Amino acid sequence: MSTATSLVQSVDWLALAPPTLAAAVALVILVADLFLPAARKPLLGWIATAGLALAALSLLPLLDGDRRTFCLPAHPDVCSYAADPFALVIQFLVLGGALLTALLSIDTLKDQDLPAGEYWFLLLSSAAGAALLPASRDLATLVIALEVASLPAFALVGLRRGDRLSSEAALKFFLSSVAATAVMLLGVSFLYAATGSLHLSRVAHALTDLPDPRLATLASAGVALTLVGFAFKTAAAPFHFWVPDTYVGAPLPIAGYLSVVGKAVGFSGLILVTVRGFPSYANVWGPALAVLAALTMTVGNVAALRQDPRRAHSAVRLLAWSSVGQAGYLLVPIAAAGYAHDPGHAIGSTVAYALMYAAVNLGAFAVAALVARTSPAGRITDYRGLYHQRPVVALALGFFLLCLAGLPPGIIGLFAKVTVFSAAVDAGLAWLAVIMAVNVVIALYYYLQWTTVLFRGAEETASTGEAASTGDTAGAGGTPAPAGHPARTAVPAPLATAIGLAAVLGIALSGAPQLVLRFASGALL
C-alpha cells in the first residue's frame, strides 16, 4: 500500500489553469454546438473569445512565483509541468495570439460559411496544446502538447470544403508535420533508451556521462533526430516548403495563427530540448542552429523579394515568406545559447523578438483579412490607394510593416533586431551577425515597397491598374470596383478591435521598448 501511495503525484490546478480553461471551453463549445439552432451559432464565437480571455487572465495569479506540478514524490525537483517565467511569457503570447485570431475569425466564418462549432472547437483545442507546451518539462508531455497544438490546425487549414487550395494546403501541412513527428518520436525513443528517463532535467544529467560508447552513439542520434523534428515545426529551411501554400489555402485568420502561435510552439519546444535537455551537446546543436538560422533568413527574404505584386494571393505569400525570414532571426539567439555561458540570457532575446513579431504580424494579417473582404484575389496591388479609402487602416498596416522591417516609427522592431544581433555578437558569431544585417537590408525593400503602395494616389492607380482583372476587385454587390480601389464597406467591429489591439500594443512597445527588452536582459530559464 505504501508503495502505491508513493507513486501518487500532487496536482496544482492553479498552475494548470491556462491550458485547462482553454480545453474546457473547447468541450463546452462542442456540446453547445449540438443544441444551438443555426441562427444562434455566432454565439459560439463569443464564448470562444471569452474563454481565451479567461485563460489569459488566469496567468495573473501565477506571476508571484515558480509553481510546479506532476513532480515525482521521491524527487520533488523533477517535474513534468513548470509555470516558470519562460512558460508564463510564452503562454501569454500563445493565448493573446489565439484571442486576436478569434476576433479575426468571427466575421470570416460568416463570409466564408465555415462550420462554427468545428472551427471554434479546433481553435481552442489547438490553443490549449500550445499553452501546455512551454510548461512541459518531460519529453512525453512535450510531444503530446505539440501534437495537440498541431492536429487541430490541420483541420482548420482544410476547413473550406470544396476549395482546392484549402485541401492541398491541409495535405501538405499534414504530411510535413507527420514526417516531423515521426522523426522526432524516433529521436525521443533513442534518448529514452540511452538515458532511461523522459524528464528533461534527468536526460540532461544522464547525457553528461554515458558509460557505454554505444549508448553515447544512440544518444547522439536521438539528439540529431529530435532537432530535425523541431526544425520542421519551426519552418526552418530546408524544412519550410509547406509554408507558402499552407498560408494561401488556409482561412486568413488561421494563416495568421500559424505564423505566430505555430511558431511560438515550435520555438519554445526547441528552446526546452536544447537548453534544458541537451546542454552537454551545445557544441553540436549550437553550430547546427546557426547554419539553419542563416539559411532560413536568407531563403525567406530572397523568396519574399521575388513575389510579383500583381500575382493572386501575393500579399499572403509575401507574409508567408516573410515569416520564414523572421524564423531565421528567431533562431539566432537559440544558436547563440549554444556558445554562451548563460544560455538563459540569450533565450531572452528570442522571447523579446517573438513578442514584437506576434503583435505586428497578427495586425498585418488582420488588415489583409479586411482587404480580402472586397478583394478576394489578395494581390499587393489591391492595396493601392488604401490610404485614400481607409486612412486609419492604411496607417496601421504601414506601421506593422515598418515594425517588421525595423524602421521608425516601428521602434520596437528596431530594438528587437538589435537584441538578436547583440546576442549573435556576444556569442562570437560575427559571421551570423553579418548575414543577419544583409538580410535585414533585403527585407527593407519588400516591406517598403508594400508600404508605398498604400499611399499611392488614384491617378497612379488608374494608370497602373488596367492589367488587373476587374473580376477580382468587384465590390460586395457584384459591381466592379475601380482598379486598385476595392468597394468600401463598414469594418466589422471584431475585426476593427483586432486591428486596434495590435496597433495599440505595437505603439506601446515602441514607446516603451524596455517592456520587451527586459526579457533579453534576464535569464528566463
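These numbers were taken from a predicted model, which means no experiment stands behind them.
- In this structure, Thr296 contributes its side chain and Gly328 its backbone to no donor-acceptor pair below 3.5 Å.
- For the residue pair Tyr257 / Ser105, no side-chain donor-acceptor distance below 3.5 Å is found, with atom types taken as modelled.
- Side-chain contact between Met436 and Lys417 is present, with at least one heavy-atom pair separated by less than 4.5 Å.
- A donor-acceptor pair under 3.5 Å is formed between the side chain of Lys41 and the backbone N or O of Asp33.
- The distance from the CG atom of Leu175 to the CH2 atom of Trp242 is 13.0 Å, given to the nearest 0.5 Å.
- Here the side chain of Ser166 pairs a donor or acceptor atom with the backbone of Val157 at under 3.5 angstrom.
- Atoms CG and CG, on Leu401 and Leu448 in that order, are 9.0 Å from each other to the nearest 0.5 Å.
- With respect to the salt-bridge test (charged N to carboxylate O, under 4.0 angstrom), the residues Asp308 and Arg317 do not qualify.
- With sequence neighbours left out, the side chain to side chain donor-acceptor pair (under 3.5 Å) criterion links Tyr247 to no other residue.
- Side chains of Asp111 and Thr108: no donor on one and acceptor on the other come within 3.5 Å.
- For Phe70 and Tyr81, the ring centers sit 6.0 Å or farther from each other.
- Between the Ser126 side chain and the Leu122 main chain, no donor and acceptor come within less than 3.5 Å of each other.
- When all heavy atoms of Ala369 and Leu252 are compared, the closest pair comes out as CA-CD1, 3.5 Å.
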Check step by step if side-chain contact (heavy atoms from CB on, under 4.5 Å) holds for Leu139 and Val273. CA-CA 8 Å; Leu139 291 171; Val273 296; 4.1 Å; yes

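- Using modelled atom types and a 3.5 Å distance limit, the side chains of Lys263 and Thr234 yield no donor-acceptor pair.
- To the nearest 0.5 Å, atoms CD (Gln91) and CG (Leu132) are separated by 8.0 Å.
- The salt bridge (charged side-chain N to carboxylate O under 4.0 Å, His left out) pairs that include a residue from residues 354-364 number zero, where partners must be two or more places apart or lie in different chains.
- Here OH of Tyr446 is found 6.5 Å from CG of Leu318. Values are rounded to the nearest 0.5 Å.
- Classified by interplanar angle (parallel below 30°, tilted 30° to 60°, perpendicular above 60°), the ring pair Phe239/Phe232 is tilted.
- Checking side-chain atoms of Thr419 against main-chain N and O of Ala416 turns up a donor-acceptor pair under 3.5 Å.
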Could you walk me through whether Leu272 and Arg137 satisfy the side-chain contact (heavy atoms from CB on, under 4.5 Å) test, starting with their C-alpha distance in whole Å, then the side-chain angles of each, then the deciding distance to 0.1 Å, before giving a yes or no? CA-CA 8 Å; Leu272 289 173; Arg137 293 298 180 270; 3.4 Å; yes

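- No option in Leu109, Leu30, Ile47 other than Leu109 meets the side chain to side chain contact (heavy atoms under 4.5 Å, CB included) test with Trp120.
- Side-chain contact between Val367 and Ile499: present, with at least one pair of heavy atoms (C-beta onward) separated by less than 4.5 Å.
- A distance of 11.5 Å separates CG in Leu404 from CG in Leu444, rounded to the nearest 0.5 Å.
- Contact record, Ala304 with Ser322: CB-N, 4.2 Å, taken as the closest heavy-atom pair.
- In this structure, the side chain of Ser176 engages the main chain of Phe173 through a donor-acceptor pair within 3.5 Å.
- Residue Ser268 forms a side chain to side chain contact (heavy atoms under 4.5 Å, CB included) with just one option from Ile90, Ile347, Val94, and that option is Ile90.
- Between Leu495 and Arg373 the shortest side-chain heavy-atom distance falls below 4.5 Å.
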Begin with the C-alpha distance, continue with both residues' side-chain angles, and end with the deciding distance and a verdict on side-chain contact (heavy atoms from CB on, under 4.5 Å) for Tyr119 and Leu156. CA-CA 7 Å; Tyr119 186 96; Leu156 286 169; 3.9 Å; yes

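- Considering OG1 of Thr350 and CD1 of Ile271, their distance stands at 5.0 Å, rounded to 0.5 Å.
- Residue pairs that meet the salt bridge (charged side-chain N to carboxylate O under 4.0 Å, His left out) test with at least one member in residues 168-195, sequence neighbours left out, are Arg164-Glu168, Lys172-Asp245.
- Contact check for Leu146 versus Phe230: side-chain heavy atoms found under the 4.5 Å cut-off.
- At least one side-chain heavy atom of Thr49 sits under 4.5 Å from a side-chain heavy atom of Ile106.
- The closest donor-acceptor contact from the side chain of Ser197 to the backbone of His199 lies under 3.5 Å.
- Annotation: side chain of Val203 is not in contact with side chain of Leu198 (no heavy-atom distance under 4.5 Å).
- Taking 4.5 Å as the limit, some side-chain heavy atom of Val299 sits within range of a side-chain heavy atom of His240.
- In this structure, Ser259 contributes its side chain and Gly256 its backbone to a donor-acceptor pair below 3.5 Å.
- Residues Trp450 and Tyr383 place their aromatic rings such that the two centres sit under 6.0 Å apart.
- Between Ala145 and Ser136 the shortest heavy-atom distance is CB-OG, 4.1 Å.
- The backbone N or O of Ile380 sits less than 3.5 Å from a side-chain atom of Ser314, completing a donor-acceptor pair.
- Arg379 has its side chain out of reach of Arg311: every pair of non-hydrogen atoms, C-beta onward, lies at least 4.5 Å apart.
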Using side-chain hydrogen bond (donor to acceptor under 3.5 Å, both in side chains), reason through Ser323 and Asn361 one step at a time and then give a plain yes or no. CA-CA 9 Å; Ser323 75; Asn361 204 62; over 6 Å; no

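- The side-chain hydrogen bond (donor to acceptor under 3.5 Å, both in side chains) test with Asn301 is passed by exactly one of Trp321, Tyr445, Tyr329: Tyr329.
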